[in-house]
Amino acid sequence: MKEKRKLKLKKFYFHPITVFLFLTLFTIILSGILSAFEMQATYNIINPNTNELEPTLVAVENLLSFDGMKILIGDATTNFISFAPLGTLLLALIGITIAEATGLIETVTKRLFSKMSKELFTFLILFIATISSLINEVGYAILIPLVALIYFMNGRNPILGIITAFCGVAFGYGVTIFVGSMEIALMDYTKTAAWLIDDNMHISLTSNLIFIVVTSILISIIGTIIIEKIIAPRIGKYKKEEEFAKTEQYKVINLEEEEQKRIEREKYEKRGLRFALITSIIILLLFAYMLIPDLPYSGMLLDMTEETYLNQLFGDTSYFQSGFTYLVTLLLIVTGLAYGLGAKTIKNDKALIEDIGNKFSKTGYIFVLIFVVSQFIAIFRQTNIGIIITAWLANLLEHLEFSGIPLIIVTLIIIAIANIFLTSPTTKWMIFSPIVVPMFMQANISPQFAQIVMRIGNSMTNGFTPILASFVIYIGYLNIYNLNKKRPITIKKSLKMITPYFLIISAAWILIVVGWYITGLPIGPGVYPTL
């Protein structure tokens with residue numbers, strides 16, 4: 001009897017860069033096909049001057065055409081340079097790398113974070129990540145590399161740290177402890193949509209305040225349980241690469257001399273931390289002074305052309321919002337240098353700069369990835385496919401006859417699906433608000449609660465789409481810390497890692513929103529789910 005031999009096919013893994021190149025090519029070809037079939041959609045926008053609906057027709061732009069190819073070539077450099085994650089990540093890495101090179105991050109990790117329980121530390125990361133959307137999407141660029149480094153220094157798997165930081169920012173996006181850029185972006189659309197039903201309806205920036213404060217804590221607690229009980233056991237421990245071959249080495253150790261070195265090192269570390277603490281307090285006080293209007297040389301970070309303080313602070317032209325990443329970088333640089341001088345870890349400027357260069361070089365790969373992803377996302381947006389799908393979904397919702405809880409759940413799911421193809425909450429709400437807000441008001445649901453449904457639907461799938469610009473930072477850092485370079489972490493695997501978080505948090509969000517509606521608790525000062 002002949003033995004049957006089983007042929008084992010060797011698995012082949014495409015690098016994320018290759019996959020994004022394929023996606024770019026596919027999008028270009030798809031735009032040509034859909035354009036030939038005249039794929040288009042019509043949606044209504046509200047004219048803020050007349051408060052009337054104006055139909056807008058959008059069609060697929062054919063990038064496979066002669067003019068389309070000219071756009072691809074002519075805009076490639078601009079797409080890369082203007083890609084938001086590029087500048088924010090570069091700035092954040094400069095500050096983090098200097099703080100690492102001087103030893104500040106390692107000492108803080110050893111003396112503070114290593115003494116915390118895993119659960120407490122995970123909660124703090126998720127909470128900070130969740131409220132980071134107060135300033136748009138800076139949390140991805142600052143927290144992902146910083147948390148990965150802290151996890152690595154603390155003996156935990158840095159890949160788990162990357163997942164924690166990314167999930168916290170992405171799946172809690174728009175939930176903060178204070179009124180921020182999300183309110184500024186969404187409120188005008190909510191207000192004009194509400195005026196279609198009641199032109200006396202007043203909507204303030206604090207209309208969602210109670211809801212976002214409570215849920216920022218609640219969602220961080222749920223996220224901590226998911227990370228520690230489900231994801232951490234699956235990720236496992238991080239096996240560091242062996243720098244040297246295993247050989248038997250014998251060394252005579254003078255215990256008294258080693259103890260003396262340890263005492264001296266700790267003395268310098270404490271002095272370095274004092275220097276860093278004093279410096280950080282001074283810088284933070286200066287930053288705070290720059291946010292106070294109408295004092296001598298104050299208000300430097302505010303946009304004084306705006307009337308309200310919140311618009312001055314979080315408006316599109318606010319210097320605080322546009323310069324926040326630089327402010328954090330400046331804080332890390334100066335406190336890092338202060339620590340280095342106090343702890344005597346800085347030998348001279350040449351050694352420090354060389355060390356910074358060596359550490360920075362490890363992240364070089366991610367900028368190649370950013371270039372490829374920036375082209376893909378710009379090309380996808382240029383085709384208008386995302387806007388058309390969103391408009392179709394909005395029109396579908398308009399023809400559904402639901403009220404109460406079914407209306408809330410269906411709207412959440414439809415907005416969550418739309419977010420996979422159109423990640424901009426402002427553009428999405430511009431399309432959805434003229435439909436969702438009047439539907440909710442006619443069902444006795446307040447427009448302020450409709451805005452909550454929008455922001456939660458947006459966050460439910462925010463981290464589960466490669467079209468999210470900052471997804472590149474997540475998958476890039478997964479591969480930077482991936483030890484098996486022959487088997488890169490693919491898009492599929494990166495999504496699989498966060499699938500438990502995505503599913504459970506999505507279910508939790510639906511339960512929270514429905515539960516809030518049933519109980520009728522206030523969502524803001526004097527604002528309730530129902531009219």
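Computation of the quantities below employed the complete heavy-atom set of this structure, encompassing side-chain atoms and omitting hydrogens, waters and symmetry-equivalent molecules. Please read all numbers here as calculations on a predicted model, not as lab measurements.
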Donor-acceptor under 3.5 Å ([X] side chain, [Y] main chain):
X	Y	result
Ser35	Gly32	no
Asp188	Ile184	no
Gln375	Asn79	no
Lys496	Ile491	no
Ser133	Tyr173	no
Asn208	Gln448	yes
Thr461	Ala416	yes
Thr329	Leu91	yes
Lys428	Leu422	yes
Thr427	Ser424	no

Give me the atom names and distance for the closest heavy-atom approach of [X] to [Y].
X	Y	result
Gly95	Leu332	O-CB, 3.5 Å
Ile162	Ala148	CG1-CB, 3.6 Å
Leu196	Pro434	CD1-O, 4.2 Å
Leu64	Asn62	N-OD1, 2.9 Å
Asn419	Thr465	O-CG2, 4.0 Å
Thr97	Leu93	OG1-O, 2.5 Å

In terms of ring plane angle, is the pair [X] and [Y] parallel, tilted or perpendicular, where the classes change at 30° and 60°?
X	Y	answer
His15	Tyr365	perpendicular
Phe166	Phe471	perpendicular
Tyr481	Phe152	tilted

**Prompt:** How far apart are the C-alpha atoms of Phe14 and Phe22, what are their side-chain angles, what is the distance that settles it, and do they pass the ring-ring contact (aromatic ring centres under 6.0 Å, His included) test?
**Reply:** CA-CA 10 Å; Phe14 281 114; Phe22 286 152; 5.3 Å; yes
Hey, what do you get for [atom1] ([X]) to [atom2] ([Y]), rounding to the nearest 0.5 Å?
X	Y	atom1	atom2	answer
Leu134	Glu183	CG	CD	8.5 Å
Ile231	Leu160	CD1	CG	7.5 Å
Thr390	Asn395	OG1	CG	11.0 Å
Tyr43	Ile431	OH	CD1	5.0 Å
Arg487	Asn482	CZ	CG	9.5 Å
Thr190	Phe432	OG1	CZ	13.5 Å

Report yes if some heavy atom in the side chain of [X] is under 4.5 Å from a heavy atom in the side chain of [Y]; otherwise report no.
X	Y	result
Leu468	Phe464	no
Trp516	Thr215	yes
Phe83	Val472	yes
Met153	Ile105	yes
Ile414	Leu400	yes
Ser31	Glu61	no
Tyr151	Phe121	yes
Ile227	Tyr501	yes

Do other residues, nucleotides or ligands put more than 12 heavy atoms under 6.0 Å from [X] [atom1]?
X	atom1	value
Phe80	CZ	yes
Tyr319	OH	no
Glu54	CD	yes

**Request:** Could you walk me through whether Leu30 and Ile385 pass the side-chain contact (heavy atoms from CB on, under 4.5 Å) test, one step at a time?
**Result:** CA-CA 10 Å; Leu30 183 64; Ile385 293 173; 4.0 Å; yes
**Asked** Are Phe320 and Phe324 close enough, and set up right, to give a ring-ring contact (aromatic ring centres under 6.0 Å, His included), and what steps lead you there?
**Response** CA-CA 6 Å; Phe320 173 70; Phe324 184 79; 5.6 Å; yes
**Request:** Give the C-alpha distance, both sets of side-chain angles, the deciding distance and a yes or no for side-chain contact (heavy atoms from CB on, under 4.5 Å) between Trp195 and Val437.
**Result:** CA-CA 10 Å; Trp195 287 347; Val437 173; over 6 Å; no
**Request:** Please step through side-chain contact (heavy atoms from CB on, under 4.5 Å) for the pair Leu126 and Thr164, ending with a clear verdict.
**Result:** CA-CA 7 Å; Leu126 287 172; Thr164 304; 3.8 Å; yes
**Message:** Please evaluate residues Ile230 and Ile504 with respect to the criterion side-chain contact (heavy atoms from CB on, under 4.5 Å), reporting the C-alpha separation (whole Å), side-chain torsions for both, the decisive distance (0.1 Å), and the verdict.
**Reply:** CA-CA 11 Å; Ile230 299 174; Ile504 298 172; 3.5 Å; yes
**Prompt:** Looking at Leu124, Ile131, Thr130, which hits side-chain contact (heavy atoms from CB on, under 4.5 Å) with Phe127?
**Reply:**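 When side-chain contact (heavy atoms from CB on, under 4.5 Å) is applied between Phe127 and each of Leu124, Ile131, Thr130, only Ile131 qualifies.
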